[in-house]
Amino acid sequence: MLQTHNKKSKLVFLISLCLVFAVLYAVLGEVTQNKYNDSERSSLLNPKYQHNVASISVSQPGGTTVQLSACRNFWLGTTLDTSGETICFPVIQIQQCINEFSSLRTMYLLSDDINTAVQYGLAKNQALSISFGNHEQEILSHLYFGTVNHTGKRIRVKAAAGTSIYEIENNLFPWLTAEPKRWADMNIIPQSVFGSLDEKQIQRIRIGSTILSGGSEDIKNVAHILLTLRSADIIPVSRAGDLLFKIQLDTGDGTKIQLSIYTDKSQQAQFCIVPQIGGADSWPVSLHNAVQKLQYALSISEWTYNRILEIIPESFNEHN
């Protein structure tokens, strides 16, 4: 009898607990619904400026900033910190960003009181800042992004010069960072410079005194692998240590791609690559100028380094 009584007591307790949670859920749901009654459909970047964007600047709290500017086939990005790398960024990645920011979305008004900015992580020294500019260096949109809500599904945002604070769907996270590797072309051969590049376009590969000529299966195999290998991170050129060897690829139209493989001075990786590009005579001056500005190194894993060694012809290894 005592056991039956205890079971009934537990059952009553559990039912009561469920009722309490149900009431709390209903109350909180009502509060949340009332909180977001004031909403609007808008975009973070006016769609009429979508095709006028020529520069993007992203700054994280603490001073890390990356500035991107449109080029012919790609975007140039410069990190504005002590290392100051200049990197290439794929057009498709940047266009996806612009499309997302110019798309209509529901914006839920949280506050019109600028004094509440701190509690939402939107004070100037707290927020991530992103701005879009045109060729005339006019700012088309400048935004601050703050904290996410308790579910992580929405993020707080305000115009840099505005006072209204909104919550929006948190689907912009791929671009809410000033880490270059999240935006950049991480291939060891920066294909975004060329728009597209495949092994059939590579006419000659030089590794030391060893030369592979166009048309052979060796060159196709080596070119395919080099064009598909990716790096682990973007690092300063100053981290390049001892030069191990160089690989030069020619496309036949005067374009040359040189990969210099070094040891890495730091303890973070064992090897790194410094890519350099020499443009064809047919390239416009603006494109020549852009590739000359590229200055960065790529850290690579031991696996990637060994993969490169595997495709190097035996004749090269015999002389080195």
Asks: Distance only, no hydrogens: is a donor on one side chain within 3.5 Å (strictly under) of an acceptor on the other, for D112 and T163?
Replies: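 D112 vs T163: no donor-acceptor pair found between side chains.
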
Asks: Looking at S129 and H142, what are the two nearest heavy atoms and their distance?
Replies: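 For S129 and H142, the tightest heavy-atom pair comes out as OG-NE2, 2.8 Å.
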
Asks: May I ask you to decide if L44's main-chain N or O and S141's side chain share a donor-acceptor pair within less than 3.5 Å?
Replies: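 Between the backbone of L44 and the side chain of S141 there is a qualifying donor-acceptor contact (under 3.5 Å).
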
Asks: Would you say the side chain of L197 lies within less than 4.5 Å of the side chain of I257, judging by non-hydrogen atoms?
Replies: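 Yes; the side chains approach each other to less than 4.5 Å.
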
Asks: For F145 and F101, take the angle between the two ring planes, folded into 0 to 90°, and tell me which bin it lands in: parallel under 30, tilted 30 to 60, perpendicular over 60.
Replies: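 Answer is perpendicular, since the angle exceeds 60°.
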
Asks: Does either side chain, that of S59 or that of T65, offer a donor lying less than 3.5 Å from an acceptor on the other one?
Replies: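 Present: a donor and an acceptor within the cut-off.
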
Asks: Heavy-atom count around Q137 CD within 6.0 Å, excluding the residue itself: above 12?
Replies: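 Incorrect, the count does not exceed 12.
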
Asks: Assigning hydrophobic clusters by single linkage (Ile, Leu, Val, Met, Phe, Trp, Tyr; side-chain heavy-atom cutoff under 4.5 Å), is L309 placed with I300?
Replies: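 L309 and I300: one cluster.
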
Asks: Examine the side chains of S111 and D113 and answer whether a donor and an acceptor come within less than 3.5 Å of each other.
Replies: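 Per modelled atom types, S111 and D113 side chains form no pair under 3.5 Å.
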
Asks: In Å and rounded to the nearest 0.5 Å, what is the CG to CD1 distance from D250 to I202?
Replies: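 These two atoms lie 8.5 Å from each other.
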
Asks: Can you check whether T177's main-chain N or O pairs, donor with acceptor, with W183's side chain at less than 3.5 Å?
Replies: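 Yes; at least one donor-acceptor contact below 3.5 Å.
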
Asks: So do V118 and Q126 actually touch side chain to side chain, heavy atoms under 4.5 Å?
Replies: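 Yes - at least one pair of side-chain heavy atoms lies under 4.5 Å apart.
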
Asks: Any side-chain heavy atom of F74 within less than 4.5 Å of one from L287?
Replies: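 Yes - at least one pair of side-chain heavy atoms lies under 4.5 Å apart.
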
Asks: May I ask whether L68 and I92 are part of the same hydrophobic cluster, defined by side-chain heavy atoms of I, L, V, M, F, W, Y residues being less than 4.5 angstrom apart, directly or through others?
Replies: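 Cluster IDs for L68 and I92 differ.
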
Asks: Name the one of E167, E100, E169, E40 that satisfies salt bridge (charged side-chain N to carboxylate O under 4.0 Å, His left out) with R105?
Replies: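 Of the listed residues E167, E100, E169, E40, the salt bridge (charged side-chain N to carboxylate O under 4.0 Å, His left out) partner of R105 is E100.
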
Asks: Does S260 reach the main-chain N or O of K246 with its side chain, forming a donor-acceptor pair under 3.5 Å?
Replies: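 Checking the backbone N and O of K246 against the side chain of S260, no donor-acceptor pair under 3.5 Å is found.
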
Asks: Let me see the working for Q295 and T86 under side chain to side chain donor-acceptor pair (under 3.5 Å), right down to the final yes or no.
Replies: CA-CA 5 Å; Q295 184 179 16; T86 299; 5.7 Å; no

Asks: Run the side-chain contact (heavy atoms from CB on, under 4.5 Å) check on I87 and T78 step by step: do they pass?
Replies: CA-CA 6 Å; I87 315 140; T78 302; over 6 Å; no

Asks: Taking a hydrophobic cluster as the set of Ile, Leu, Val, Met, Phe, Trp and Tyr residues connected by side-chain heavy atoms closer than 4.5 Å, whether directly or through intermediates, do I189 and Y262 fall within one such cluster?
Replies: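 No.
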
Asks: Does the N134 side chain pair with the main chain of E138, one donor and one acceptor, at a distance under 3.5 Å?
Replies: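 Pair found, side chain donor or acceptor close to backbone of E138.
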
Asks: Do V237 and F89 sit in the same hydrophobic cluster, where Ile, Leu, Val, Met, Phe, Trp and Tyr count as joined when their side-chain heavy atoms come under 4.5 Å apart?
Replies: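 Unlinked, V237 and F89 end up in two clusters.
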
Asks: Does one side chain, of Q191 or D185, offer a donor that lies under 3.5 Å from an acceptor on the other?
Replies: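 No donor-acceptor contact under 3.5 Å links the two side chains.
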
Asks: If we count only N and O atoms by modelled type, under 3.5 Å, do the side chains of N99 and Q95 hold a donor and an acceptor together?
Replies: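 Q95 and N99 do have a side-chain donor-acceptor pair below 3.5 Å.
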
Asks: Name the orientation class of the two ring planes belonging to Y305 and F245 (parallel below 30°, tilted from 30 to 60°, perpendicular beyond 60°).
Replies: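 Judged by the thresholds at 30° and 60°, the geometry between Y305 and F245 is tilted.
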
Asks: Does some side-chain heavy atom of L226 sit less than 4.5 Å from a side-chain heavy atom of H224?
Replies: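 H224 does not reach L226 side chain to side chain.
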
Asks: Would I277 and I247 show up in the same hydrophobic cluster when neighbours are defined by side-chain heavy atoms closer than 4.5 Å?
Replies: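 Yes.
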
Asks: Would L229 and W303 count as a side-chain contact (heavy atoms from CB on, under 4.5 Å) here? Give the steps.
Replies: CA-CA 10 Å; L229 286 176; W303 181 91; 4.0 Å; yes

Asks: Quick check: does any side chain N or O of H288 sit under 3.5 Å from a backbone N or O of A280, one acting as donor and the other as acceptor?
Replies: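 Yes: the side chain of H288 pairs with the backbone of A280.
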
Asks: Hey, mind stepping through F271 and L244 against side-chain contact (heavy atoms from CB on, under 4.5 Å) and telling me if it holds?
Replies: CA-CA 9 Å; F271 308 100; L244 300 173; 3.8 Å; yes

Asks: Of all heavy-atom pairs between S103 and S43, which one has the smallest distance, and what is that distance?
Replies: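 Reported closest heavy-atom pair: O-CB, 3.4 Å.
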
Asks: Measuring from atom OH of Y166 to atom CZ of R154, what distance do you get when rounded to the nearest 0.5 angstrom?
Replies: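 Between atom OH of Y166 and atom CZ of R154 there are 14.5 Å.
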
Asks: Quick check: does any side chain N or O of N187 sit under 3.5 Å from a backbone N or O of P190, one acting as donor and the other as acceptor?
Replies: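 Answer holds: no.
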
Asks: In terms of side-chain heavy atoms, does T251 have a donor or acceptor partner in Q201 at a distance below 3.5 Å?
Replies: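 Checked: T251/Q201 side chains show no N/O donor-acceptor pair below 3.5 Å.
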
Asks: Keeping T263 on the side-chain end and D242 on the backbone end, is there a donor-acceptor pair under 3.5 Å?
Replies: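 Indeed, once roles are kept as given, a pair shorter than 3.5 Å links the two residues.
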
Asks: Output the distance between atom CD1 (I155) and atom CG (N170), rounded to the nearest 0.5 Å.
Replies: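 That separation rounds to 4.5 Å.
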
Asks: Hey, mind stepping through H51 and Y49 against ring-ring contact (aromatic ring centres under 6.0 Å, His included) and telling me if it holds?
Replies: CA-CA 6 Å; H51 302 294; Y49 298 137; over 10 Å; no

Asks: Sub-3.5 Å donor-acceptor pair from the side chain of T147 to the main-chain atoms of Y120, do we have one?
Replies: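 Side chain of T147 to backbone of Y120: a pair is present.
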
Asks: Given side chain to side chain donor-acceptor pair (under 3.5 Å), test R204 with S213 step by step and report yes or no.
Replies: CA-CA 5 Å; R204 189 172 71 163; S213 298; over 6 Å; no

Asks: Can you tell me how far apart CH2 (W75) and CD (Q93) are? Round to the nearest 0.5 Å.
Replies: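 Those atoms lie 12.0 Å apart.
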
Asks: Any donor and acceptor pair, going by atom type alone, linking the side chain of N221 with main-chain N or O of I225 inside 3.5 Å?
Replies: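 Checking the backbone N and O of I225 against the side chain of N221, no donor-acceptor pair under 3.5 Å is found.
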
Asks: To the closest 0.5 Å, what do you measure between CD (Q50) and CD1 (I98)?
Replies: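 Result: 7.5 Å between the selected atoms.
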
Asks: As an exercise, state the distance from CG of L294 to OH of Y296, rounded to the nearest 0.5 Å.
Replies: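 Rounded to the nearest 0.5 Å, the CG-OH separation comes to 6.0 Å.
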
Asks: Counting neighbours of CD on Q60 that are heavy atoms of other residues, nucleotides or ligands and sit closer than 6.0 Å, is the number greater than 12?
Replies: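 Correct, the count exceeds 12.
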
Asks: Flag yes if more than 12 heavy atoms outside K220 fall under 6.0 Å of its NZ atom; otherwise flag no.
Replies: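 No - once you tally the heavy atoms of other residues, nucleotides and ligands closer than 6.0 Å, there are 12 at most.
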
